Student: 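Let me begin by handing over the structure; questions about it come next.
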Amino acid sequence: MADRYEPATFEAAWQKKWKNADLFLTRNNEDAPKFYGMDFFPYPSGAGLSVGHCRNYVPTDVICRMKLMQGYNVLHPMGFDAFGLPAENEAIKRKTHPAQMIEGYAATYRRQMDLIGVSYDWSRSFSSSDPEYYRWTQWIFELLYKRGLAYRRMAAVNWDPIDKTVLADEEIVGGRAERSGAIVEKKLIPQWFFKITEYAQRLIDDLDELNWPEGIKAQQRNWIGRSEGVQFTMQVAHSGHQEAAADDGFQVKGRRGTLAFDVFTTRIDTIFGMTFCVLAPEHELIESIVNKVGAEFADRIREYQVQAKLLSDTDRQATNREKTGVFTGAYAINPANGEEVPIWIADYVLATYGTGAIMAVPGHDERDFEFAKKFDIPVVQVIGPVDGSEVELPYVTKDGVLVNSGEYSGQTVAASQTELGVWIEGLGIGQRKIQYRLRDWLISRQRYWGCPIPIIHTKDGEMQLAPEDCLPVELPMVENYEPSGDGTSPLAHIPEFVNVTDLDGRLGQRETDTMGGFACSSWYFLRFCDPKNENAPWSFDAAKYWMPVDCYVGGSEHAVMHLLYARFWTKVLFDAGLVTVKEPFARLENQGQVLALTPYRKPREDEKLDLGEEGILVSYQDAKSIPEEDLFYRWARMSKSKGNVVTPEEAVELYGADALRMYLLFVAPFSADVQWSSDGMQGQVRFLSKIFKLVDDLKSLYYGEWRGVIGFEDLDDAAKAVRRQTHKTIRKATEDVDKFAFNTYVSSLMIYINELNDLLKKHAANPSRGFALAMSEAVEAVILLMSPGAPHSADELWNSIGKSGFTLNECWPTFDEKLSADDTVTIAVQVNGKLRDTFEIDATASKEDMEKAATTAPKAQAHLEGLTIRKIIVVPGKLVNIVAG
RNA sequence: GCCGGGGUGGCGGAAUGGUAGACGCGGUGGUCUCAAACACCAUUGGGGUUAAACCCGUGCGGGUUCGAGUCCCGCCCCCGGCACCA
């Protein structure tokens, strides 16, 4: 074996041996505790992996490897999230079939993951597009349907009138289709939803028990958006301002002869300040109003509705957009004071939140204020500061008391919110209510490459589930699967797929929408527990044993969608008695991104920059020929489109897999973004070489049976120093890996190696027997502690000292508190909190001894000159602070 | 605007309220070499000094404490997410 790190000579060889020995197959030792460590389900893109992806996989691998060495049964699987739009679009472009294409891409991913030595149990791998897998995705869909959690209703899709296709939100840029440039329209079609809103409260509550980054939990809470308020009914005025508002027999909300609508507010305390109401342009009541008001109003309302429909969501919600709206000609009655207020229509009120209608209080709401100013609607103050001082409107703080509010004037905001809520309930026109921002989960996709929804529409318009034993409803393998041009899924144009007869022999048609990819990734962690099961999605016992995932690792960009959906499904499955956990992921860790220095040039006069860009992206090749004053570099996320990707192949070729792994661990805290530099890997080559050199130097001292005799040896100071360092490092390294502090895990090994080198240099000439034994222990500790981070090198070194097999099968070292304790400690001497001196003292020294040593320390004494000692604070093992004046 | 995370040498970053800058990258000087690369050794927060002593120093301003990078209050800046959700 060489005395330096020469990866080309052994890394590939060890990977082969691991494979031949089935080293990474999941083990199931009796009585061992379990550890389930997993990475986010990746979509295997055609670009392959970059070193940025490895930053996710390597740390998970390190903790899994350590847990395995610690005696856990470890489940560390990997599979592929193969269904979905990116795959389909790319396959169309390449004129190939997505199934075939994805298979190739997944193989590339696997090859790259193997190349960096990640210990996945590939025997458990699958793709979400495998019929054996999506059969059970459909099965879970049916479970949701049976439990009333899957339903179909009309909903808008983004429609591209040029390409005649449905677009995903990410295919729209600035209200236009990314590809065709057409202005995107909204089109109502029937679509499938999962009723995640029914679980909103539980999804909030159960966050508390999760060991997740606070930021992610906060994002989920925001997304679910719980707010407490009051919902109540507003009557449309019969008479008064508008003769056409006379009763002509409309029936709305069960009130014969009247028009009415519900509003939701979190500020019921401001109800006396209501000076108008606003309905969303899509509000159903508008139809009735249009029929009752004069033609001029009706025309303006219609026009506004058309305009609103044409606006894309992004345009409509653009920041700082001026408020728009029209007066309907109708009035509503404020139940608090009986006053009539005008009803407006405006798109700043969303149809999809609350009741799609609001009471507007411009005195105490910025949006209403802005609207009122623009349309000259009165602004009334009904809340003021407790001290009665004048304030500028809108006054939106909840710190205050009611004014101009009848009998409620003088009450605090908090008190009146309760009282007014009770009052509304007493009147029978509404109730206090908890409202969530969360919407139901739209799963329909009018595309080919997804999991078919197992529903049959019978001739009589009924919906039936495809019988369980007929699952999966297989996606037909067809040549043409491009979007069909009429907005339906391509599946709708495959008669063999569509036409079926149900169990009673009646004719029916299959549902042709497919499920969005998030459905497939909402349960894959359960399938990994029992991936080959042909009779069930998983066996209850397997899931009971492995779940929850103990450590789930991936990027924070999935903070809401995937993680929320997976939590939702797990809760449904829990309710159905199919799993024993309410939450799928006990601990979540987000890795930082890997950024690469990316060349840009200044734009020429006629060039426009893309949104958020400072310059024009250029390739590294072109950068060489661009004049220096026009060229600049920025840190940008590694991606194929930026052309700044470093692949694991390149890194492994130049520096080695272990150097890449150790660099990824060391370069920054796990959750921080990383500025990639290949120089850093050279540093790891140097470090690994140092280990090879040290192990080589220690071979002459190495005694394989040290464990049996070291306890009987009378150890000299040198030997004790070695052991102390060994046991300190074992403790530090173990703790650091457990808490995902991989950078300090690596640095603790560096410190250890440096110390061992120093000690060896000092005592090599005349080593005692105890020193040799302590160094024997150290050699093994070094190799085993580095094994999770640099497994190839560890196995190479392990065998070089005469051991056989794999370090992964060895026990993780344990530390002995007594051995790691220092004999002597360095004590800091402070005078009035400022460091003045230090001294060495026996670790067991008494407080009195420390005080004495401190007060007589020469430099400290110089600072005590002429002062009276008032107090002495002694921190054992650390410092002495002398307070003097 | 709201929510979350940050701000420490030239750079990445360490520091249970207890010696700030561990470990590494880079730099400088040296050894090796015909030379370079690699490697190794020394040094490396700023000021100050022949050297030391000493002074300053964790975004800014206050506070608590024997002692604050760490805790509290008020600001500033950066990154991420959400964003007319009534």
Side-chain angles (χ1 to χ4, degrees), chain A residues 4 213-223 225-227 229-231 263-268 270 277-278 280 316-321 323 346-350 352-361 364-368 370-371 396 435-439 556-557 559-560 590 592-593 662-663 666-669 671-677 679-687 689-690 693 741 743-754 826-838 859 862-863 870-885:
Chain A
R4 59 195 175 110
E214 273 314 311
I216 302 284
K217 291 207 242 183
Q219 276 186 56
Q220 293 218 346
R221 285 194 195 98
N222 288 346
W223 188 263
R226 179 193 153 105
S227 46
V230 175
Q231 183 170 320
V263 296
F264 174 76
T265 180
T266 55
R267 294 297 305 273
I268 193 66
T270 64
C277 283
V278 186
R316 185 165 153 178
Q317 288 167 17
T319 42
N320 302 329
R321 182 170 156 253
K323 296 266 182 296
D347 64 7
Y348 83 91
V349 171
L350 307 175
T352 46
Y353 179 78
T355 61
I358 61 162
M359 67 172 212
V361 184
H364 305 281
D365 181 284
E366 277 172 16
R367 298 151 301 184
D368 298 344
E370 198 189 319
F371 192 84
V396 298
Q435 185 71 47
Y436 300 93
R437 242 166 85 167
L438 182 69
R439 313 286 152 87
S556 53
E557 66 274 14
V560 177
N590 296 129
Q593 297 179 10
M662 293 293 267
Y663 175 62
F666 180 70
V667 63
S671 60
D673 286 352
V674 168
Q675 299 179 344
W676 183 262
S677 109
D679 293 343
M681 275 189 295
Q682 189 56 48
Q684 294 303 320
V685 169
R686 205 149 35 220
F687 171 53
S689 286
K690 252 169 144 171
K693 172 96 170 21
N743 55 334
T744 49
Y745 154 69
V746 175
S747 104
S748 75
L749 294 179
M750 290 173 165
I751 294 167
Y752 187 34
I753 296 299
N754 290 344
T826 308
I827 303 296
V829 183
Q830 294 182 344
V831 177
N832 291 329
K834 288 202 167 200
L835 179 72
R836 293 304 178 190
D837 208 346
T838 61
K859 285 181 195 163
H863 284 272
R870 308 212 181 274
K871 194 175 171 186
I872 298 180
I873 288 130
V874 180
V875 184
K878 288 279 184 189
L879 62 66
V880 179
N881 187 12
I882 304 165
V883 186

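In the text below, chain A, chain B and the rest are named by the order of the sequence lines, each starting its count at 1. Predicted, not measured: the structure shown is a model, and the values here were computed from it.
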Student: Could you check whether A/Thr838 gets within reach of a base, just the sugar-phosphate, or nothing at all, counting any heavy atom under 4.0 Å?
Tutor: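 The residue A/Thr838 makes base contact.
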Student: Indicate syn or anti for B/G24, taking the glycosidic torsion and treating anything within 90° of 0 as syn.
Tutor: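 The base of B/G24 is oriented anti (glycosidic angle more than 90° from 0).
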Student: Touch check for A/Gly683, heavy atoms < 4.0 angstrom, all strands: base, sugar-phosphate only, or nothing?
Tutor: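 Sugar-phosphate only.
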Student: Could you tell me whether A/Gln830 contacts a base, only the sugar-phosphate backbone, or nothing, with contacts defined as non-hydrogen atoms closer than 4.0 Å?
Tutor: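 Base, at least one base atom sits under 4.0 Å.
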Student: Using the C1' atom as the reference point in each nucleotide, state the distance between B/A35 and B/G47 in Å, no decimals.
Tutor: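 Pairwise C1' distance, B/A35 against B/G47, rounds to 40 Å.
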Student: How close do A/Ser227 and A/Thr266 get, heavy atom to heavy atom, and via which atoms?
Tutor: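 Heavy-atom minimum between the residues: CB-CG2, 3.9 Å.
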Student: Considering only atom P, compute the distance from B/A51 to B/G67 and round it to an integer number of Å.
Tutor: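 Between the two P atoms, the distance is 34 Å.
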Student: Has A/Arg221 got a side-chain N or O lying under 4.0 Å from the OP1 or OP2 atom of B/C2?
Tutor: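 Result: no.
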Student: Counting any heavy atom closer than 4.0 Å, what does A/Asp368 reach on the DNA or RNA strands: base, sugar-phosphate only, or nothing?
Tutor: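 Contact class for A/Asp368: none.
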Student: Let me know, please, whether A/Lys834 or A/Arg267 comes out on the 5' side of the other along RNA chain B by nearest nucleotide.
Tutor: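 Counting from the 5' end, the first nearest nucleotide belongs to A/Lys834.
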Student: Which part of the nucleic acid does A/Val667 contact within heavy-atom distance under 4.0 Å: base, sugar-phosphate only, or nothing?
Tutor: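 If one applies the 4.0 Å heavy-atom cut-off, A/Val667 turns out to touch the sugar-phosphate alone, with no base involved.
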Student: For nucleotides B/C72 and B/G17, find the distance between their C1' atoms and express it as a whole number of Å.
Tutor: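 13 Å, rounded to whole Å.
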Student: How would you label the contact of A/Arg4 with the nucleic acid (heavy atoms, under 4.0 Å): base, sugar-phosphate, or nothing?
Tutor: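 Here A/Arg4 touches no strand at all.
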Student: Donor-acceptor pair, distance only, cut-off 3.5 Å: does the side chain of A/Asn832 make one with the backbone of A/Ala884?
Tutor: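 Yes: the side chain of A/Asn832 pairs with the backbone of A/Ala884.
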Student: Testing the 3.5 Å rule here: is there a donor-acceptor pair between the side chains of A/Asn754 and A/Lys690?
Tutor: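 A/Lys690 and A/Asn754 do have a side-chain donor-acceptor pair below 3.5 Å.
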Student: For atom C1', what is the distance between B/C82 and B/C75, given to the nearest Å?
Tutor: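 Each nucleotide's C1' atom is 25 Å from the other's.
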Student: NA contact type, A/Pro669, heavy-atom cut-off 4.0 Å: base, sugar-phosphate, or nothing?
Tutor: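 Sugar-phosphate: the residue A/Pro669, judged by heavy atoms under 4.0 Å, touches backbone atoms but no base.
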Student: To check you understand the geometry: which heavy-atom pair defines the closest contact between A/His364 and A/Thr270, and what is its length?
Tutor: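 That closest heavy-atom pairing would be CB-CG2, 4.0 Å.
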Student: In the structure shown, which nucleotide is the Watson-Crick or G-U wobble counterpart of B/U33, with both distances under 3.5 Å?
Tutor: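 Partner of B/U33: none.
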Student: Heavy-atom nearest nucleotide on RNA chain B for A/Glu214 versus A/Lys878: which residue maps closer to 5'?
Tutor: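 It is A/Glu214, whose closest nucleotide lies nearer the 5' terminus.
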Student: Nearest to the side chain of A/Asp679, which nucleotide is it out of B/G12, B/G24, B/G26?
Tutor: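 Output: B/G26.
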Student: Are more than 12 heavy atoms from other residues, nucleotides or ligands located less than 6.0 Å from atom CD of A/Glu557?
Tutor: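 Yes, the 6.0 Å shell around CD holds more than 12 heavy atoms from other groups.
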Student: Does B/C54 have OP1 or OP2 under 4.0 Å away from a side-chain N or O of A/His863?
Tutor: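 Checking A/His863 against B/C54: at least one side-chain N or O falls below 4.0 Å of OP1 or OP2.
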Student: Which value, in whole Å, describes the distance between the C1' atoms of nucleotides B/U44 and B/G24?
Tutor: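 B/U44 and B/G24 have their C1' atoms separated by 14 Å.
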